[in-house]
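See below for the structure under consideration.
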Amino acid sequence: MLRSLFLYLSQANWAKDLMLRIGFARRTAHRFVAGDTLPEAIDSTRNINQRGMLVTLDHLGESVTDEASALQAADAYLELLEALDGSDAEATCSLKLTQLGLDISEDLCLRNMRRILEKARTTGNHVTIDMESSDYTDITLQIYRTLRDEYEFDNVGIVIQAYLYRSEDDMRALASEGAYVRLCKGAYKEPPDRAFPDKSDVDANFVYLTELFLNPQACTNGAYLGIATHDEKMLTASKAHVTTHNIPHENFEFQMLYGIRGKLQEQLRDDGFKVRLYVPYGTQWYPYFMRRLAERPANVWFILSNLFRR
Ligand SMILES: Cc1cc2nc3c(=O)[nH]c(=O)nc-3n(C[C@H](O)[C@H](O)[C@H](O)COP(=O)(O)OP(=O)(O)OC[C@H]3O[C@@H](n4cnc5c(N)ncnc54)[C@H](O)[C@@H]3O)c2cc1C
């Protein structure tokens with residue numbers, strides 16, 4: 001029930017306006033967000049790199065409703081790529097298509113993505129397209145394949161969510177295409193005719209999809225999997241699979257969110273696995289923060305404790 005409440009609040013403008021005015025909310029959100037500005041994101045990336053981990057940077061933003069904001073979001077990514085190129089910090093990028101104008105026009109979004117991927121190509125960088133709610137799954141996959149096949153960008157990846165019934169077919173196709181995929185459980189509110197309502201089924205599907213995707217043939221085709229979870233059961237199953245089937249380390253990595261399960265991140269790193277942290281930055285933290293609360297309502301205690309801190 002709390003999960004549904006937070007997912008509802010993540011899209012409610014009145015709640016957003018209220019939270020943005022409250023100082024302690026912003027302070028609390030910073031447990032999950034590296035900072036408001038690009039220099040803070042670069043500093044954070046450098047620190048994480050020095051601790052032996054990889055980074056993907058997300059300039060926060062989604063669901064923009066005017067063309068100027070979509071262009072601004074694309075410009076922010078060009079600036080990010082430029083800044084990374086001129087620094088000793090190393091990170092790939094992650095973004096959302098609704099941030100780049102998908103709700104306004106597919107063409108605008110595609111143009112923005114092409115600008116970003118061109119720049120990323122010249123700086124030797126990689127961009128992963130986050131997956132949003134299931135209303136966007138088809139169009140997101142379609143834009144991803146257009147960029148990859150028609151415009152021949154080989155520096156773009158996509159996210160698949162284990163809670164969707166359709167994901168088995170999507171993962172099968174992407175494995176045979178030798179794609180770069182991040183697999184996560186899924187963070188949005190979905191109806192039972194599209195997504196498994198029970199967490200145990202989502203967990204079982206996550207393991208199944210990891211094993212389906214990371215097969216020797218797909219690895220030979222260049223398929224790459226970002227195993228994005230903080231769930232120890234998922235990590236144990238993935239590690240057993242890659243060991244049993246001798247899956248090369250160049251075909252997968254583990255991914256976790258900034259500010260979540262730090263000890264587990266370091267443990268995986270110490271076990272010799274590649275670990276990439278998803279590091280968001282920027283002022284548009286509200287919906288991202290609400291989804292983090294929805295995943296773990298116990299985080300509410302963390303908010304309440306901050307309320308009483310100066
Ligand atoms: C790198 C990365 C990228 C992602 N990209 C997307 C995307 O593009 N689209 C999308 O829909 N979702 C995305 N997600 C979110 C994902 O779908 C899940 O909602 C989220 O990862 C929680 O699921 P879990 O696998 O950690 O398992 P869970 O079963 O939810 O959690 C396992 C354990 O992890 C810890 N944990 C999990 N979440 C939190 C939290 N918020 N705060 C504190 N502890 C927590 C708890 O200890 C919990 O018991 C991404 C996740 C990661 C790690």
Side-chain angles (χ1 to χ4, degrees), residues 1-11 32 56 58 62 94-97 128-138 140-141 144 157-172 174-175 179-214 224-242 252-262 264-265 268 273 275-280 287-299:
M1 221 178 81
L2 269 175
R3 179 173 188 269
S4 297
L5 173 67
F6 282 119
L7 289 179
Y8 157 73
L9 289 175
S10 73
Q11 295 183 312
F32 302 108
T56 187
D58 167 29
E62 55 199 87
S94 290
L95 48 73
K96 292 182 174 49
L97 294 186
T128 302
I129 303 174
D130 287 351
M131 190 57 82
E132 301 178 66
S133 75
S134 62
D135 290 340
Y136 296 101
T137 311
D138 271 327
T140 303
L141 277 160
Y144 160 72
I158 186 83
V159 177
I160 294 294
Q161 297 151 322
Y163 62 16
L164 295 183
Y165 301 127
R166 61 173 288 166
S167 291
E168 176 175 351
D169 290 342
D170 289 330
M171 283 296 261
R172 223 177 266 289
L174 289 161
Y180 179 109
V181 174
R182 173 196 301 149
L183 177 66
C184 64
K185 289 188 187 177
Y188 295 81
K189 185 159 173 51
E190 296 294 349
D193 61 326
R194 293 189 192 175
F196 295 102
D198 291 338
K199 182 170 164 24
S200 58
D201 291 327
V202 178
D203 291 356
N205 204 37
F206 189 101
V207 174
Y208 175 68
L209 295 179
T210 302
E211 294 176 354
L212 179 152
F213 189 88
L214 279 182
Y224 190 90
L225 190 63
I227 305 168
T229 181
H230 318 89
D231 186 335
E232 285 171 79
K233 292 195 296 300
M234 305 298 105
L235 298 175
T236 303
S238 307
K239 286 193 274 187
H241 175 75
V242 296
F252 72 94
E253 66 187 34
F254 291 103
Q255 299 185 350
M256 294 195 197
L257 300 177
Y258 176 84
I260 298 180
R261 308 272 342 234
L264 201 52
Q265 297 165 4
L268 277 173
F273 293 105
V275 180
R276 186 178 303 277
L277 301 194
Y278 182 105
V279 179
Y288 179 87
F289 179 47
M290 284 293 127
R291 288 197 292 275
R292 302 295 75 84
L293 297 184
E295 281 155 5
R296 193 164 159 76
N299 285 334

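Heavy atoms only: backbone and side chains are in, while hydrogens, waters and symmetry mates are out.
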**Request:** Output yes when a side-chain donor or acceptor of Glu190 lies under 3.5 Å from a complementary backbone atom of Ser134, and no otherwise.
**Result:** yes

**Asked** Tell me, do Ile227 and Phe206 make a side-chain contact under 4.5 Å, heavy atoms counted?
**Response** yes

**Request:** Could you tell me whether the side chain of Asp130 and the main chain of Lys96 form a donor-acceptor pair under 3.5 Å?
**Result:** no

**Message:** Just so I know, are the side chains of Pro280 and Tyr258 near enough to count as touching, which here means a heavy-atom distance under 4.5 Å?
**Reply:** yes

**Item:** Residues forming a salt bridge (charged side-chain N to carboxylate O under 4.0 Å, His left out) with Glu211, sequence neighbours excluded
**Value:** none

**Asked** For Leu214, does its backbone N or O pair with a side-chain atom of His241 as donor and acceptor, under 3.5 Å?
**Response** yes

**Prompt:** Any idea which heavy atoms bring Leu257 and His230 closest together, and the distance?
**Reply:** N-NE2, 3.1 Å

**Item:** Rounded distance (nearest 0.5 Å) linking atom OG1 of Thr137 with atom CE of Met131
**Value:** 5.0 Å

**Asked** So does Arg172 pair up with Glu168, basic N to acidic O under 4.0 Å?
**Response** yes

**Message:** With a sphere of 6.0 Å drawn around NZ of Lys239, does it hold more than 12 non-hydrogen atoms of other residues, nucleotides or ligands?
**Reply:** yes

**Asked** Which atom pair, heavy atoms only, marks the closest approach of Leu164 to Phe196?
**Response** O-CE1, 4.4 Å

**Message:** Is any side-chain heavy atom of Tyr180 closer than 4.5 Å to one of Thr128?
**Reply:** yes

**Prompt:** So, do Val202 and Gln161 sit near enough that their side-chain heavy atoms are less than 4.5 Å apart?
**Reply:** no

**Request:** Would you check if Leu174 and Tyr144 make a side-chain contact, meaning some heavy-atom pair closer than 4.5 Å?
**Result:** yes

**Message:** Under 4.0 Å between a side-chain nitrogen and a carboxylate oxygen: does that hold for Asp135 and Arg194?
**Reply:** yes

**Atom pair CG (Leu9) and CG (Leu293), whose distance is rounded to the nearest 0.5 Å** = 9.0 Å

**Asked** Taking C-beta and beyond as the side chain, do Lys199 and Asp231 meet within less than 4.5 Å on heavy atoms?
**Response** yes

**Message:** Walk me through whether Gln11 and Lys189 qualify under side chain to side chain contact (heavy atoms under 4.5 Å, CB included).
**Reply:** CA-CA 11 Å; Gln11 295 183 312; Lys189 185 159 173 51; over 6 Å; no

**Prompt:** Going from OG1 on Thr56 to CG on Leu277, what distance comes out if it is rounded to the nearest 0.5 angstrom?
**Reply:** 10.0 Å

**Under 3.5 Å side-chain donor-acceptor pair for Arg182 and Ser94** = yes

**Asked** So how far is it from Gln255 CD to Leu183 CG, rounded to the nearest 0.5 Å?
**Response** 10.0 Å

**ring-ring contact (aromatic ring centres under 6.0 Å, His included) against Tyr8, all qualifying residues, sequence neighbours excluded** = none

**Request:** Kindly compute the distance separating CG (Leu235) from CD (Glu232), expressed to the nearest 0.5 Å.
**Result:** 7.0 Å

**Prompt:** Given Ile158 and Asp170, is the side chain to side chain contact (heavy atoms under 4.5 Å, CB included) satisfied, shown in steps?
**Reply:** CA-CA 11 Å; Ile158 186 83; Asp170 289 330; over 6 Å; no

**Request:** Apply side chain to side chain contact (heavy atoms under 4.5 Å, CB included) to the pair Phe252 and Ser238, showing each step before the final yes or no.
**Result:** CA-CA 10 Å; Phe252 72 94; Ser238 307; over 6 Å; no

**Item:** Non-hydrogen side-chain atoms of Glu295 and Phe6 separated by less than 4.5 Å
**Value:** no

**Heavy-atom check, side chain of Leu268 versus side chain of Arg261, under 4.5 Å** = no

**Asked** When rounded to the nearest 0.5 angstrom, what is the spacing between CE in Met256 and SG in Cys184?
**Response** 14.0 Å

**Which atom of Pro287 lies closest to which atom of Ser10, heavy atoms considered** = CB-O, 3.7 Å

**Row check, Tyr288 ring normal vs Arg292 NZ/CZ: under 6.0 Å, within 45°** = yes

**Asked** Any sub-3.5 Å donor-acceptor pair from Glu253's side-chain atoms to Tyr224's backbone N or O?
**Response** no

**Request:** For the pair Tyr165 (side chain) and Ala195 (backbone), establish whether a donor and an acceptor sit closer than 3.5 Å, ignoring hydrogens and angles.
**Result:** yes

**Request:** Please confirm whether the backbone N or O of Leu97 pairs with a side-chain atom of Glu132, one donor and one acceptor, at under 3.5 Å?
**Result:** yes

**Verdict with reasoning, Leu225 to Met171, per side chain to side chain contact (heavy atoms under 4.5 Å, CB included)** = CA-CA 10 Å; Leu225 190 63; Met171 283 296 261; 4.0 Å; yes

